[in-house]
Amino acid sequence: MKEIFETKAIGKVKINKGFAIEVKKEYLPALKNIDGFSHLQIVWWGNKSDSDEERGTLIVKKPYKSSPDELGVFATRSPFRPNPILISTVAILNIDYEKGIINLPYIDADNDTPVLDIKAYHLMERVKECSVPDWCKHWADSYEASATFDWANEFKF
């Protein structure tokens, strides 16, 4: 089995007066027939969390006010991971197909973050009967509710 993989950025996150994904020119044909989807899944590289120390973070100390004292990194959405591959579900405001710009209301990535892939979000990916630990059951239960949820009151940093 191959242990080292090569990835290529297909674009980057742009944050200026708003949020956008800027797709590289050679990948513009991949946007064909994406219209009609309201949401996308953006797979991005946590380039600001990519050091040997951060990749070695396997246990995090109480990142959320109501969480256990320690959590394994796989129980979090922390950018500090063995491989800083992150995914965000985003709403589409509009797409400029000629320039390869996908305008978004928000994405939890930094400006110039490399985008590795874009996937259309399908209803079949929604889990109707999802369970979560007691310490996070009070969190927003949908993408839409997340926009107005008081996340600042949840984190310890």
Side-chain angles (χ1 to χ4, degrees), residues 1 3-23 34 36-95 101-157:
M1 182 172 98
E3 291 291 322
I4 297 176
F5 305 92
E6 182 178 324
T7 61
K8 295 180 183 176
I10 57 103
K12 59 186 166 184
V13 173
K14 293 309 289 179
I15 302 171
N16 191 2
K17 293 179 181 175
F19 298 88
I21 303 299
E22 185 178 272
V23 178
I34 202 168
F37 288 100
S38 64
H39 292 74
L40 300 171
Q41 292 179 320
I42 307 299
V43 180
W44 48 281
W45 190 261
N47 59 318
K48 299 214 173 160
S49 305
D50 191 6
S51 69
D52 288 339
E53 180 182 346
E54 290 161 328
R55 283 178 172 236
T57 301
L58 302 180
I59 301 288
V60 293
K61 303 284 184 193
K62 197 170 182 74
Y64 314 109
K65 292 179 181 177
S66 58
S67 71
D69 289 340
E70 292 184 335
L71 289 174
V73 72
F74 297 151
T76 74
R77 292 186 53 87
S78 170
F80 307 128
R81 318 188 73 72
N83 293 297
I85 300 170
L86 302 155
I87 186 166
S88 299
T89 300
V90 299
I92 302 170
L93 292 176
N94 57 60
I95 302 173
I101 305 293
I102 305 169
N103 290 297
L104 318 168
Y106 179 75
I107 186 168
D108 57 342
D110 294 315
N111 191 43
D112 292 328
T113 295
V115 173
L116 302 178
D117 202 359
I118 297 170
K119 298 179 182 299
Y121 179 83
H122 292 268
L123 291 176
M124 68 182 175
E125 294 172 299
R126 187 181 74 181
V127 178
K128 283 187 175 183
E129 296 180 28
C130 176
S131 62
V132 297
D134 286 340
W135 57 266
C136 63
K137 279 188 177 179
H138 65 283
W139 289 5
D141 64 356
S142 69
Y143 174 86
E144 293 81 6
S146 181
T148 58
F149 186 77
D150 184 10
W151 288 108
N153 193 39
E154 293 299 313
F155 294 98
K156 290 193 64 175
F157 46 86

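Residues forming a side chain to side chain contact (heavy atoms under 4.5 Å, CB included) with Lys8 (at least two apart in sequence, or on another chain): Glu6, Tyr27. With sequence neighbours left out, the salt bridge (Lys or Arg N to Asp or Glu O under 4.0 Å) criterion links Lys119 to Asp117. Residues passing the side chain to side chain donor-acceptor pair (under 3.5 Å) test with Ser66, sequence neighbours excluded: none. Remark: Lys156 engages no residue in a side chain to side chain donor-acceptor pair (under 3.5 Å) (not counting sequence neighbours). Considering only residues two or more places apart in sequence or on other chains, Thr57 meets the side chain to side chain donor-acceptor pair (under 3.5 Å) condition with none of them. Every side chain to side chain contact (heavy atoms under 4.5 Å, CB included) that Thr7 has, sequence neighbours left out, goes to Leu116. In this structure Phe74 satisfies the side chain to side chain contact (heavy atoms under 4.5 Å, CB included) test together with Arg81, Pro82, sequence neighbours excluded. Partners of Gln41 under the side chain to side chain donor-acceptor pair (under 3.5 Å) rule, at least two apart in sequence or in another chain, do not exist in this structure.
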What pairs of donor and acceptor atoms, side-chain ones from residues 103-111 against any protein atom, are under 3.5 angstrom apart with sequence neighbours left out?
{"from": "Asn103", "atom 1": "ND2", "to": "Asn94", "atom 2": "OD1", "distance (Å)": "2.7"}
{"from": "Asp108", "atom 1": "OD1", "to": "Ser88", "atom 2": "OG", "distance (Å)": "2.4"}
{"from": "Asn111", "atom 1": "OD1", "to": "Ile15", "atom 2": "N", "distance (Å)": "2.8"}

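With a 6.0 Å radius and a threshold of 12 heavy atoms from other residues, nucleotides or ligands, Glu144 has its CD atom above the threshold.
Residues Val43 and Val115 fail the side-chain proximity criterion, which asks for heavy atoms closer than 4.5 Å. The shortest distance between side-chain heavy atoms of Ile118 and Ile102 falls below 4.5 Å.
Taking each heavy atom of Ala152 and Lys65 in turn, the nearest pair found is O-NZ, 4.5 Å. Closest of all the heavy-atom pairs between Glu54 and Ser49 is OE1-C, 3.1 Å. The shortest heavy-atom contact between Ala9 and Pro114 is CB-CB, 4.0 Å. Residues Gly72 and Ile59 come closest through the heavy atom pair CA-CD1, 4.2 Å.
In this structure, Phe155 CZ and Ser67 OG are separated by 10.0 Å, a value rounded to the nearest 0.5 Å. Note that the CZ atom of Phe5 and the CG atom of Asn83 stand 8.5 Å from one another [nearest 0.5 Å]. To the nearest 0.5 angstrom, Ile21 atom CD1 is 11.0 Å from Lys14 atom NZ.
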Exercise for the section: Would you check, one step at a time, whether the test side-chain contact (heavy atoms from CB on, under 4.5 Å) holds for Trp45 with Leu86? Expected result: CA-CA 6 Å; Trp45 190 261; Leu86 302 155; over 6 Å; no
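The stretch residues 107-131 participates, sequence neighbours left out, in these ring-ring contact (aromatic ring centres under 6.0 Å, His included) pairs: Phe37-His122. Under the side chain to side chain donor-acceptor pair (under 3.5 Å) criterion, the residue pairs touching residues 69-78 are Lys61-Glu70, with sequence neighbours excluded. Within the structure, side chain to side chain donor-acceptor pair (under 3.5 Å) contacts touching residues 130-141 (residues at least two apart or in different chains) are Asp134-Lys137, His138-Glu154, Trp139-Glu154.
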